[in-house]
Amino acid sequence: MSESFLLSQRVAIVGGGPGGYEAALAAAQLGAEVTLVERVGIGGSAVITDVVPSKSLIATADAAVAIAQASDLGVQLFARDDRGNPLRPEVAINLAAVNHRLLTLARQQSEDMHQALLDAGVHIISGHGRLEGRNAMVVSTAPGGTDFDRIEADTIVISVGASPRELPAAKPDGERVLTWTQLYNMKSLPEHLIIVGSGVTGAEFAGAYMNLGAKVTLVSSRDRVLPGEDADAAAVLEDVFTRGGMNVMSRSRADKVENTGDGVSVTLSDGTVLTGSHCLMAVGSVPNTAGLGLEDAGVQLDATGHIQVNAVSRTSVPNIYAAGDCTTFYPLASVASMQGRVAIFHAFGDSVIPIDKRRITSNIFTAPEIATVGWQERDVAAGDADGVVLKLPLAANPRAKMMGVTDGFVKIIAQRASGVVIGGVVVAPKASELILPIAIAVDRRLTVDQMSRTFAVYPSLTGSIMDAMRGLHLVERAGHEHD
Ligand SMILES: Cc1cc2nc3c(=O)[nH]c(=O)nc-3n(C[C@H](O)[C@H](O)[C@H](O)COP(=O)(O)OP(=O)(O)OC[C@H]3O[C@@H](n4cnc5c(N)ncnc54)[C@H](O)[C@@H]3O)c2cc1C
């Protein structure tokens, strides 16, 4: 690629979340003239309302759990009264301080990312962007507001993200009926939080608020929490939730949610009325693709308004790419970033590896966490993957015993004939950190025997990963069944 070709590239990006941010950095690195239009703040929903605040809240919940469980390991906590008598300890959460901390972290992270873009030479415009044809973007003060800028570009990246889905009979009011973006306005722990929706977002907040000390009811329209995830993992979590005192209501659909002034009432489709202090609506997201001029430019959307992209982030229009939650790919910050980078590499003819959905690692930040990669047991059961599955409970792991960890497991899925690791699940504290060796095995197509030769520290939770790899050794020789 000649330098003059690089210098002639003008890249316009709309949306400064992980997708747009990574695309901007990659384009700047390759020498392009880059303009990024963002209407709220760099970092996007990921940093300002979604990932950073929720994971910071969960860090506080984890700390509360660690204190509560410390007595199992012989740690005693107590205060003394004036006469020196021990008082029963109480763990209390100052939610106003917690929320202040997490919103400060989010703001700082957004500012750091803004500065990183400026340092890379990216031109940032604050405003609402929309396409004008296939080679220009117009910036206005708001949707339908006054236009104040226009950018011509050779390559365009759309990374406008998504917003919480709202149901007409359950309109969030920001006071008691809340979306996840409004949770952090609460000044004190909700007395009784009803969460509608038991997908990843609903489950993460249900676990976090339960562990912070709130009474939680989780309303799930399906048979169990986390429909679509590994069934064994979901069962562990549901058990932990129930043991922790959460009211998990399965096969229950919320028809109406109302703010009653001093609380909320949630009417289920069977007529049951639940009452609580607050209600979190976690019923999915809708892509922010309306009114962007996409259809006029010829960019194809699916029936739900997501932009159709291929594995190198290209839309139906050759010079227009899209990344992140507004696309038909997985709604994960890590995926959005990768899509953003891949879009630019492809547009510039740099070396690019198409994104393989089967190699995406994801994590659910509950306690225990649930991390997943690759093909799953249900794919084997459905005959879509020819694999063998081995699951080892963490309760048998020496380090887990020392740490007092009883819930969780490691599950490895290997190709029957070759022993190549094709998937895995880890349910454990910090599973998000433990899944990486399995993800590397899946990505690099390593066999269970190659993995088995790697030393794990003794004692360690990763020891169970290696034990499972060793347990699958026979796969290569005889296709032995391990389930
Ligand atoms: C509660 C919650 C927790 C999550 N936790 C995790 C997690 O732990 N790990 C993980 O990987 N993912 C997580 N996700 C998913 C993650 O937040 C998204 O996948 C990620 O934000 C997608 O990035 P994006 O760049 O597509 O969009 P966003 O982060 O949504 O950014 C899009 C940006 O575009 C801007 N924008 C939109 N329209 C316009 C316009 N017309 N003009 C200008 N700017 C515009 C928006 O203001 C926004 O800043 C979580 C999601 C939720 C809801």
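When a ligand or atom number is given, it counts from 1 through the structure's own listing order.
Residues M403 and L394 have side chains not in contact (no heavy-atom distance under 4.5 Å, counting atoms from C-beta outward).
If you take CD1 on I194 and NE2 on H278, they are separated by 11.0 Å, rounding to the nearest 0.5 Å.
Between S159 and G15, the shortest heavy-atom distance links the atoms OG-O, 3.0 Å.
Within the 3.5 Å criterion, the main-chain N or O of H114 finds no donor-acceptor partner in the side chain of Y21. Counting only distance, with no hydrogens or angles, the side chain of N211 and the backbone of G207 share a donor-acceptor pair below 3.5 Å.
Note on D230 versus K391: no salt bridge recorded, every NZ/NE/NH1/NH2 to OD/OE distance being 4.0 Å or above.
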Could you pull out the N/O contacts under 3.5 angstrom between ligand 1 and the surrounding protein atoms?
{"from": "ligand 1", "atom 1": "5 (N)", "to": "K55", "atom 2": "NZ", "distance (Å)": "2.9"}
{"from": "ligand 1", "atom 1": "8 (O)", "to": "K55", "atom 2": "NZ", "distance (Å)": "3.0"}
{"from": "ligand 1", "atom 1": "11 (O)", "to": "A333", "atom 2": "N", "distance (Å)": "2.9"}
{"from": "ligand 1", "atom 1": "12 (N)", "to": "A333", "atom 2": "N", "distance (Å)": "3.2"}
{"from": "ligand 1", "atom 1": "19 (O)", "to": "D325", "atom 2": "OD1", "distance (Å)": "2.7"}
{"from": "ligand 1", "atom 1": "19 (O)", "to": "D325", "atom 2": "OD2", "distance (Å)": "3.3"}
{"from": "ligand 1", "atom 1": "19 (O)", "to": "P331", "atom 2": "O", "distance (Å)": "3.4"}
{"from": "ligand 1", "atom 1": "19 (O)", "to": "L332", "atom 2": "N", "distance (Å)": "3.2"}
{"from": "ligand 1", "atom 1": "19 (O)", "to": "A333", "atom 2": "N", "distance (Å)": "3.1"}
{"from": "ligand 1", "atom 1": "21 (O)", "to": "A46", "atom 2": "N", "distance (Å)": "3.4"}
{"from": "ligand 1", "atom 1": "25 (O)", "to": "P18", "atom 2": "N", "distance (Å)": "3.3"}
{"from": "ligand 1", "atom 1": "25 (O)", "to": "G19", "atom 2": "N", "distance (Å)": "3.0"}
{"from": "ligand 1", "atom 1": "26 (O)", "to": "D325", "atom 2": "N", "distance (Å)": "2.8"}
{"from": "ligand 1", "atom 1": "29 (O)", "to": "S45", "atom 2": "N", "distance (Å)": "3.1"}
{"from": "ligand 1", "atom 1": "29 (O)", "to": "A46", "atom 2": "N", "distance (Å)": "3.0"}
{"from": "ligand 1", "atom 1": "30 (O)", "to": "S45", "atom 2": "OG", "distance (Å)": "3.0"}
{"from": "ligand 1", "atom 1": "41 (N)", "to": "H128", "atom 2": "ND1", "distance (Å)": "3.4"}
{"from": "ligand 1", "atom 1": "41 (N)", "to": "G129", "atom 2": "O", "distance (Å)": "3.0"}
{"from": "ligand 1", "atom 1": "42 (N)", "to": "G129", "atom 2": "N", "distance (Å)": "2.9"}
{"from": "ligand 1", "atom 1": "44 (N)", "to": "R39", "atom 2": "N", "distance (Å)": "3.2"}
{"from": "ligand 1", "atom 1": "47 (O)", "to": "E38", "atom 2": "OE2", "distance (Å)": "2.7"}
{"from": "ligand 1", "atom 1": "49 (O)", "to": "E38", "atom 2": "OE1", "distance (Å)": "2.8"}
{"from": "ligand 1", "atom 1": "49 (O)", "to": "E38", "atom 2": "OE2", "distance (Å)": "2.9"}

